[in-house]
**Student:** 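Take a look at this one; I'll ask things after.
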Amino acid sequence: MTKSDRIIVIGAGPVGLCLSLALAQEGVEVCLIEALGDDNILEQVPRAGTNHPATLEMLDRIGLYEKLEPRGIVAPLLHYWERSDNQRIAEFDHRHLKDDTRFPYVLQCERIKIVEEALALARAHPLIDVRLSTTFTGFAQTADCVSAHVTDPAGEPETITGAYLVSGEGARSIVRRDLGIEFEGFTYSDRTLNIEVAYDFRRHGYTERNYISDPDEWSNLFHWKGPPDRWRVHFPTAPEDEPEDLQRPEALQARLQGFLPKQGGYDIVGSNLYTVHQRVATRFRIGRAILAGDSAHVNSPIGAMGMNSGIHDAINLADKLIKILRKEVGDEVLDRYERQRRHVALQHTQAETIRNKRVLAEKDPAVRRKNHEQLRRTAEDPKLARAFLLRSSLIESLREAAQIA
Ligand SMILES: Cc1cc2nc3c(=O)[nH]c(=O)nc-3n(C[C@H](O)[C@H](O)[C@H](O)COP(=O)(O)OP(=O)(O)OC[C@H]3O[C@@H](n4cnc5c(N)ncnc54)[C@H](O)[C@@H]3O)c2cc1C
């Protein structure tokens, strides 16, 4: 391969990093551009963290799994709870997937740990030119190559040329904007409040991942490895609520006490608010510029599918770019990438996450009862439970994508 075969990857998030590693490990030269620097890349707000079985197989392939497992929590169980009477509705066990995957569990390991470990591997790889504190500002493409315009750490403009440009920039992708690609979908009017607590909820019967159903105050409750261990609790807010009011210490305490009363109060270690979008780009590729991860699709975290499906984009794309650069296939396979991964984004991640929120927040008591009964029956029947988990863990999405020509 020659210098002009280089792939320019924008964004050292989980998607850009996994893509860079998968490419470099097969002999492809990568230039990885990241606006954040050594001083702040590990200081980002908490986001993703649940890694599904199929993603673990991919992380294993690129040498990341063995780094992440000791820093995470192996979690085979998933719970649904009803908040009003604090009763468990259903328990799903990923061990039903033992014949479908080498990893019949999720790994609770936060995005920032993935970034830290993947960045260390990328920096150590001779084929990856990692450029931190370098901001991507725009690009141009011809029939033969693509040029990325960046501002280097000294504030100087620079142009980097390569064969393809991949936007792993996240939801505010400049590449998507400059290509004039629509980001179709909607944004929920209410924001979600995330509270991080040092308290072991397992003593009340919860497991590492819990979805709590309530018509007014549904929640997600997740366990993360420390030290000290933390639990994240998500709550809905009203569109008119002021961010400062929501995040006052006494307001955070009241939320948690409303969820599960605790004498002496909770040890709150952090909080933040986030806006939830459900959007998919109308194109994932135009010419030599390609979208992957959040730059191509964003969704609610209920179901833990954003980062996971982004990493699935990265591995799918890496396999195609490697073959293109080896001249084994033409670059029309990138249109197949678009067909496969847009299908997954629309029919799996969007459909599932929208449905997940609707089920948790359902207001009609009769529909709630029906939904909960269905969850209970599904969890108790091994065949139905396996089918449910194949879908919720995105294994089904990969099998379907593989059938798309
Ligand atoms: C509260 C919350 C919980 C979540 N939980 C889960 C979960 O459990 N499981 C799951 O699968 N998903 C989850 N998600 C979604 C997940 O965080 C995202 O889907 C994932 O981070 C997307 O990865 P990415 O690499 O595409 O983009 P990002 O993680 O957004 O990374 C983009 C990178 O590009 C860099 N960048 C941006 N612009 C430029 C530029 N102009 N120049 C250079 N660099 C640039 C950014 O600094 C950043 O490092 C959650 C999201 C939220 C908000």
Side-chain angles (χ1 to χ4, degrees), residues 8-20 31-37 40-52 54-55 72 75 106-112 114-116 118-119 130-139 148-153 160 165-178 191-196 208-209 211 220 222-224 232-235 270-277 279 281 291-314 317 345 349 352-353 356 392-394:
I8 306 166
V9 178
I10 314 296
V15 174
L17 281 160
C18 289
L19 173 66
S20 300
C31 181
L32 175 60
I33 307 295
E34 170 56 51
L36 300 174
N40 55 5
I41 195 160
L42 300 181
E43 301 301 320
Q44 302 173 54
V45 290
R47 289 166 64 188
T50 295
N51 298 275
H52 288 298
T55 312
V106 307
L107 183 70
Q108 292 289 94
C109 185
E110 303 91 307
R111 174 186 173 280
I112 208 64
I114 300 173
V115 168
E116 186 178 11
L119 188 59
V130 178
R131 308 271 198 101
L132 295 190
S133 305
T134 300
T135 303
F136 169 76
T137 54
F139 75 102
H149 306 303
V150 304
T151 306
D152 76 9
I160 298 166
L165 172 82
V166 183
S167 165
E169 298 157 272
R172 296 204 184 101
S173 167
I174 294 171
V175 175
R176 191 187 66 237
R177 185 199 66 195
D178 287 0
R191 285 152 304 178
T192 302
L193 175 65
N194 170 41
I195 311 180
E196 304 231 341
E208 326 299 333
R209 276 177 83 208
Y211 292 112
N220 306 327
F222 301 124
H223 182 194
W224 308 103
R232 267 187 217 162
V233 200
H234 295 166
F235 293 106
S271 71
N272 62 292
L273 273 170
Y274 60 89
T275 303
V276 176
H277 311 272
R279 294 181 185 275
L291 309 179
D294 273 21
S295 76
H297 45 78
V298 286
N299 53 263
S300 126
I302 308 177
M305 294 187 162
M307 179 179 69
N308 281 271
S309 65
I311 291 173
H312 299 186
D313 292 348
L317 181 57
T349 49
E352 285 287 300
T353 53
N356 286 343
S392 69
S393 67
L394 291 171

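Atoms within a ligand are numbered from 1 in the order they appear, just like the ligands themselves. Any value given below was found using the heavy atoms of this structure, including those in side chains, with hydrogens, waters and symmetry copies removed. Just so it is clear, the model here is predicted, and its values are computed rather than measured. If you read the sequence from its start, that first residue is 1, and numbering goes on from there.
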**Student:** Who's touching ligand 1 if we go heavy atoms under 4.0 Å?
**Tutor:** G11, A12, G13, P14, V15, I33, E34, A35, L36, R47, A48, G49, T50, R111, T134, T135, F136, G168, E169, G170, I174, Y274, G293, D294, P301, A304, M305, G306, M307, N308

**Student:** May I ask you to decide whether R176 forms a salt bridge with D294, counting only side-chain N to carboxylate O separations under 4.0 Å?
**Tutor:** no

**Student:** Excluding sequence neighbours, so at least two apart, what forms salt bridge (charged side-chain N to carboxylate O under 4.0 Å, His left out) with R232?
**Tutor:** E196

**Student:** Examine Y274 together with H234 and report whether their ring centres are nearer than 6.0 Å.
**Tutor:** yes

**Student:** Do you know the tightest heavy-atom contact between S392 and M305?
**Tutor:** O-CE, 3.5 Å

**Student:** List the atom of S393, the atom of A54, and the distance in Å for their closest heavy-atom pair.
**Tutor:** O-CB, 4.4 Å

**Student:** Applying the side chain to side chain contact (heavy atoms under 4.5 Å, CB included) criterion to N272, which one of T192, L193, N194 satisfies it?
**Tutor:** N194

